[in-house]
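Here the structure comes first, spelled out in structure tokens, and everything after it is commentary.
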Amino acid sequence: RSPNRTNTLFYCTDGWFYPDGGSGYITNYTTIAMTIRNVPDGKAFGLGKIKTVGDTEIVVDWGDGTVTNLTSYDSTILENSFTHQYHNDTASDYTIHIYGKVKEINAFTGSSFLVAGSLDTDHHMTGIEDNIYLTDFSVGNAVGLEKINANSFLNCSNLSLICSYADGSPPDPALPTSLTYIGQSAFAGCSSLASLNWMPSSVSTIGRQCFAGCTSLSSISGMSDTY
């Protein structure tokens, strides 16, 4: 069963389900979760270009009760397709969930995959700044994210945890087992990233300066070697 625009979707370990009692589960969909902390009132966030597995619907739950749906018909969703502005009385924390068959994540022009800044009258990101709010990133192994492209997490200086998980299992501080490619400077400037327990053997390409400036990262353990 395909996602639709009339029911809010939630994630469970067996796939997606419809909270209104709709029938059936949607399994084998990539789930990405990101935690942003100390977000001030009026701060906006936007996602970079997303490449999907064929025609699919991408659902973004922004963590404050707002959900954005968009159907991809050409396997590419462009930046500024998903933007959101937060409103709160005090600096707050949110967890953003992305549901759908995501094949690649790409950096927003001139910055990281998830950017902070402001929105203009067309709901496009402006005043883009380094994302100091992103602290946690996790991705499910279900369908599998294949590529993290160049600059995707560039200068996310408070990103301290990258996790992958299988359904029914707790997250593990590791890259997803489906990953094959990590682009140039993908994690450059992530100075709070301290641990990666697993570099999957499926990764065949690691770009130049991928972990440059990761001053807290002492080792990355793989199948048989530590990098």
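All values below were derived from every heavy atom in this structure, side-chain atoms included, with hydrogens, water molecules and symmetry-related copies excluded.
- The main-chain N or O of G48 is never found under 3.5 Å from a side-chain atom of N106 such that the two would form a donor-acceptor pair.
- Taken to the nearest 0.5 Å, the CD1 atom of I162 stands 5.0 Å off from the CG atom of L196.
- Atom CD of E146 and atom NZ of K103 lie 5.0 Å apart (nearest 0.5 Å).
- In this structure, V115 belongs to a hydrophobic cluster whose other members, linked by side-chain heavy atoms under 4.5 Å apart, are F108, L119, M125, I128.
- Contact annotation: the side chain of F137 approaches that of I105 to within less than 4.5 Å [non-hydrogen atoms, C-beta and beyond].
- For the atom pair CD1 (I36) and OH (Y86), the distance works out to 4.0 Å, reported to the nearest 0.5 Å.
- Without hydrogens or angle criteria, Q85 side chain to G42 main chain gives a donor-acceptor distance under 3.5 Å.
- Between the side chain of S178 and the main chain of L145, a donor-acceptor pair closer than 3.5 Å is present.
- At a threshold of 4.5 Å between non-hydrogen side-chain atoms, the residues F113 and I50 count as touching.
- Taking the side chain as every heavy atom from C-beta outward, I148 and F187 approach each other to under 4.5 Å.
- In this structure a side-chain-to-backbone donor-acceptor pair under 3.5 Å is present from N131 to L114.
- Using a distance-only test at 3.5 Å, with no hydrogens or angles considered, a donor-acceptor pair links the side chain of S192 to the main chain of S157.
- Between the side chain of D120 and the backbone N or O of D122, at least one donor-acceptor pair lies under 3.5 Å.
- Heavy-atom minimum distance, E129 versus S111: O-OG, 3.9 Å.
- To the nearest 0.5 Å, atoms NE2 (H97) and OG (S138) are separated by 7.0 Å.
- Of the possible donor and acceptor atoms, none in the side chain of D136 sits under 3.5 Å from a partner among the backbone N and O of M34.
- A donor-acceptor pair is defined here as one N or O able to donate and one able to accept, closer than 3.5 Å; such a pair exists between the side chain of S216 and the backbone of S191.
- Summarising the local packing, NE2 of H124 is surrounded by more than 12 heavy atoms from other residues, nucleotides or ligands at distances under 6.0 Å.
- The distance from atom CZ of R37 to atom CG of N158, rounded to the nearest 0.5 Å, is 10.0 Å.
- Judged by distance alone, the side chain of D93 and the main-chain N or O of N38 form a donor-acceptor pair under 3.5 Å.
- Between N149 and A186, the shortest heavy-atom distance links the atoms O-CB, 3.9 Å.
- Figure legend: K147 and Y181 shown as a cation-pi pair, the cationic atom lying under 6.0 angstrom from the six-membered ring centre and within 45 degrees of its axis.
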Candidate pair N151 and S185, rule side chain to side chain contact (heavy atoms under 4.5 Å, CB included), full reasoning: CA-CA 5 Å; N151 303 326; S185 302; 3.3 Å; yes
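- For residues 47-72, the pairs satisfying ring-ring contact (aromatic ring centres under 6.0 Å, His included) are W62-H84, with sequence neighbours left out.
- For the atom pair OG of S218 and CG of L193, the computed distance is 10.0 Å after rounding to the nearest 0.5 Å.
- With hydrogens and angles ignored, the 3.5 Å screen pairs no side-chain donor or acceptor of D61 with any backbone N or O of I96.
- One hydrophobic cluster, built from ILVMFWY side chains closer than 4.5 Å, cannot hold both L154 and L161; they sit in different ones.
- Residues passing the side chain to side chain donor-acceptor pair (under 3.5 Å) test with T52 are S72, sequence neighbours excluded.
- Residues F153 and L134 have side chains in contact (heavy-atom distance under 4.5 Å, counting atoms from C-beta outward).
- Taking 4.5 Å as the limit, every side-chain heavy atom of D64 sits out of range of all side-chain heavy atoms of N88.
- Pairing each heavy atom of I182 with each of C210, the nearest pair is CG2-SG, 3.3 Å.
- Looking at every heavy atom in both residues, A107 comes nearest to A150 through CB-O, 3.5 Å.
- Checked against the 6.0 Å centroid criterion, the rings of F45 and Y133 qualify as a close aromatic pair.
- Using a 4.5 Å cut-off between side-chain heavy atoms of Ile, Leu, Val, Met, Phe, Trp and Tyr, with links allowed through other members, L159 and L217 fall into the same hydrophobic cluster.
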